[in-house]
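Take a look at the structure below.
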Protein chains: 2
Amino acid sequence: MKKSEITRLTILQKAFELIYTNGYQTTSIDDIIATTQLTKGAFYYHFKTKDEMGLAIINEILKPSLTKSFIESLKNEQNPLDAIYNLMDNLLMKNAFLKVEYGCPASNFTQEMTPWNENFTKALNEITKQCTKVMITTIEKGKENGFIGKEVNAKQVTIFVMSSYWGIRNFGKLDNNNKAYLPYLRQLKIYLNSLK
Amino acid sequence: MKKSEITRLTILQKAFELIYTNGYQTTSIDDIIATTQLTKGAFYYHFKTKDEMGLAIINEILKPSLTKSFIESLKNEQNPLDAIYNLMDNLLMKNAFLKVEYGCPASNFTQEMTPWNENFTKALNEITKQCTKVMITTIEKGKENGFIGKEVNAKQVTIFVMSSYWGIRNFGKLDNNNKAYLPYLRQLKIYLNSLK
DNA sequence: TTGTAAAAGTACCAAACAGTATCTTTTATG
DNA sequence: CATAAAAGATACTGTTTGGTACTTTTACAA
């Protein structure tokens, strides 16, 4: 890997961490170059504007990480209901990338940027669509394999589950701990079992 | 109502609208005084700082509006499952105060402010706790009245439902329309019926 | 090894920002 | 209707911000 590519990636990763913990608007370029030990010259060599960097974070850091989580969790497991539960359990309780007190990075980005940046919205929408698609396919397959009742609407369930995930991260953020995660996961299991 | 009180309320309401549509950080005090047709002198006569105003918005605009919605919807209805469904249907589809494309104001505030303002977090947490409490009580009463199965865990269900609500607003925001709301509501109904 | 384009450093700018100091006008009340 | 305090207007400040212009250093292919 070329040195300049490493620099670029360092900026993206460090900037992601700062934005994930402090928000996009409250993270200044000066903050980013301070933590990366770089200068404005380096930053603006790699990115035309701050927003171009933000978009790169979504597409090059967030997107691969999230879609990988979804695809790996959902495609390999036999029982789709277990798969969905384990995916959520993993995202909430085990993923080292995601921290309770900072919520879901995709959701954070959405909330903060959507009102004023259309490109961000589009990029985030794509991630969501990809994740949604994988989950719908998983459920449809589960219906064929007899794991899930034939009357179940895959898209509805997906939207419902994804929503509940985004929302529960709000609780975690507000409470600044994962106390709400356990009752959430128990209820999610009950709900998923009702789809058999 | 005294004139100065009207001015204060006007600032809060107009500022709320701006922040709801554009975000807190992207709404400047200059923006607020421009839309209110007031001046800095007036603004800083009523509020010591921008954050003091933000806190006042949460406590004096958001809190009463949301808790009123929850209490009125949940306390008056006979069947608690219908009550919860109608509350969500109302918040998503009928409430003129809330717009699809801008998400849930409480959730927006939470996402944007939590990382850097503890007072905001506390105030938002209080609103959430109040709403949660009302819903838990409603469910408990429903268990006593036979509307809901005795084995149902009221707190779990409340957290699950509230999460799903917050999350679905994210979908609406991302898509910039309420297409996702209908499948969500259908699935919510199916889920609530499973609690009988 | 060396020439050169790529990469990074330095110093600056104009605009936007929250907030203040001071002055003027309303408004409520004796 | 006089007057003082409340409410609001005006003009400013120091700082932070994203971004730029220009210079220097580094990496790497020939």
Side-chain angles (χ1 to χ4, degrees), chain A residues 1-58 60 109 112-120 123, chain B residues 1-58 60 109 112-120 123:
Chain A
M1 197 180 211
K2 270 169 66 181
K3 209 201 162 191
S4 78
E5 284 175 22
I6 294 173
T7 306
R8 189 190 142 92
L9 206 66
T10 307
I11 293 174
L12 286 179
Q13 283 170 338
K14 292 276 179 193
F16 168 79
E17 278 171 43
L18 284 171
I19 291 168
Y20 181 35
T21 53
N22 303 318
Y24 182 82
Q25 311 262 14
T26 27
T27 302
S28 70
I29 290 165
D30 286 328
D31 290 338
I32 295 167
I33 62 175
T35 58
T36 49
Q37 307 258 55
L38 288 164
T39 57
K40 285 244 162 129
F43 182 92
Y44 279 99
Y45 174 77
H46 289 284
F47 306 101
K48 258 211 189 84
T49 62
K50 187 188 179 186
D51 283 3
E52 186 180 299
M53 179 213 60
L55 218 56
I57 289 177
I58 294 176
E60 295 171 41
F109 264 101
E112 199 181 340
M113 327 271 212
T114 296
W116 51 269
N117 192 313
E118 214 180 305
N119 292 326
F120 281 42
Chain B
M1 199 180 209
K2 270 167 68 182
K3 207 197 163 193
S4 78
E5 284 174 22
I6 294 173
T7 306
R8 190 190 141 92
L9 207 64
T10 307
I11 294 174
L12 286 179
Q13 283 170 339
K14 292 276 180 192
F16 167 79
E17 278 171 43
L18 284 172
I19 291 168
Y20 181 34
T21 53
N22 303 319
Y24 183 80
Q25 312 261 17
T26 26
T27 302
S28 70
I29 290 166
D30 285 328
D31 291 336
I32 295 167
I33 63 175
T35 57
T36 51
Q37 307 258 52
L38 288 165
T39 56
K40 285 244 163 130
F43 182 92
Y44 280 99
Y45 175 79
H46 288 284
F47 306 100
K48 258 209 189 86
T49 62
K50 188 189 179 186
D51 284 3
E52 187 180 300
M53 179 213 61
L55 219 57
I57 289 178
I58 294 176
E60 295 171 42
F109 263 101
E112 199 180 340
M113 326 273 212
T114 295
W116 52 270
N117 192 314
E118 214 179 304
N119 292 325
F120 280 42

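We name chains A, B, ... by the order of the sequence lines, and we start the count at 1 in each one. In this text, all values refer to a predicted model and were calculated from it rather than measured experimentally.
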Taken to the nearest whole Å, CD1/A:Ile33 to C1'/D:dG18 is 11 Å
Within the modelled atom types, does a donor on one side and an acceptor on the other bring the side chain of B:Lys48 and the base of C:dG19 under 3.5 Å apart? no
Are side-chain heavy atoms of A:Asn119 and A:Asp51 found at a separation under 4.5 Å? no
Parallel, tilted or perpendicular: rings of B:Trp116 and B:Phe120 (30°, 60°): tilted
Atom CZ of A:Phe43 and atom C1' of D:dG18 are separated, to the nearest Å, by 9 Å
Among C:dA18, C:dA11, D:dT10, which is the nearest nucleotide to the side chain of B:Tyr44? C:dA18
Please report the distance, rounded to the nearest Å, between CD1 in A:Ile32 and P in D:dT16. 17 Å
Could you check whether the rings of A:Phe43 and A:Phe47 sit parallel, tilted or perpendicular, using 30° and 60° as the cut-offs? tilted
Nearest heavy-atom pair of A:His46 and A:Ser4: which atoms, and what distance? CE1-O, 3.3 Å
OP1 or OP2 of C:dT27 under 4.0 Å from side-chain N/O of B:Lys2: no
Whole angstroms only, please: what is the CD1-C1' distance between B:Ile19 and C:dA18? 14 Å
Would you indicate, yes or no, if D:dG8 has its OP1 or OP2 atom less than 4.0 angstrom from a side-chain nitrogen or oxygen of B:Thr7? yes
With sequence neighbours excluded, residues passing ring-ring contact (aromatic ring centres under 6.0 Å, His included) with A:Phe109: none
Check every strand shown and say whether B:Lys40 touches a base, only sugar-phosphate, or nothing at a heavy-atom separation below 4.0 Å. base
Whether B:Ser28 contacts C:dC17 is assessed here as follows: a side-chain N or O lying under 4.0 Å from the phosphate OP1 or OP2. Is that the case? yes
Among D:dA9, C:dG9, D:dG19, which nucleotide sits nearest the side chain of A:Thr39? C:dG9
Rounded to whole angstrom units, what separation is found between the CD atom of B:Gln25 and the C1' atom of D:dT16? 13 Å
Please state whether the base of D:dG19 and the side chain of A:Lys50 form at least one donor-acceptor pair under 3.5 Å? no
B:Asp30 vs A:Arg8, nearer the 5' end of DNA chain C by closest nucleotide: A:Arg8
Heavy-atom nearest nucleotide on DNA chain C taken for B:Thr26 and for A:Ser4; more 5' hit belongs to A:Ser4
note: B:Phe47, atom CZ; C:dT20, atom C1'; distance rounded to Å ~ 18 Å
A:Ile6 CD1 to D:dT26 P, in whole Å, measures 16 Å
Among D:dT10, C:dA18, D:dA27, which is the nearest nucleotide to the side chain of A:Lys3? D:dA27
Between A:His46 and C:dA8, is there a side-chain N or O to OP1/OP2 distance below 4.0 Å? yes
From CD1 of B:Ile29 over to C1' of D:dC12, roughly how many Å is that when rounded to an integer? 15 Å
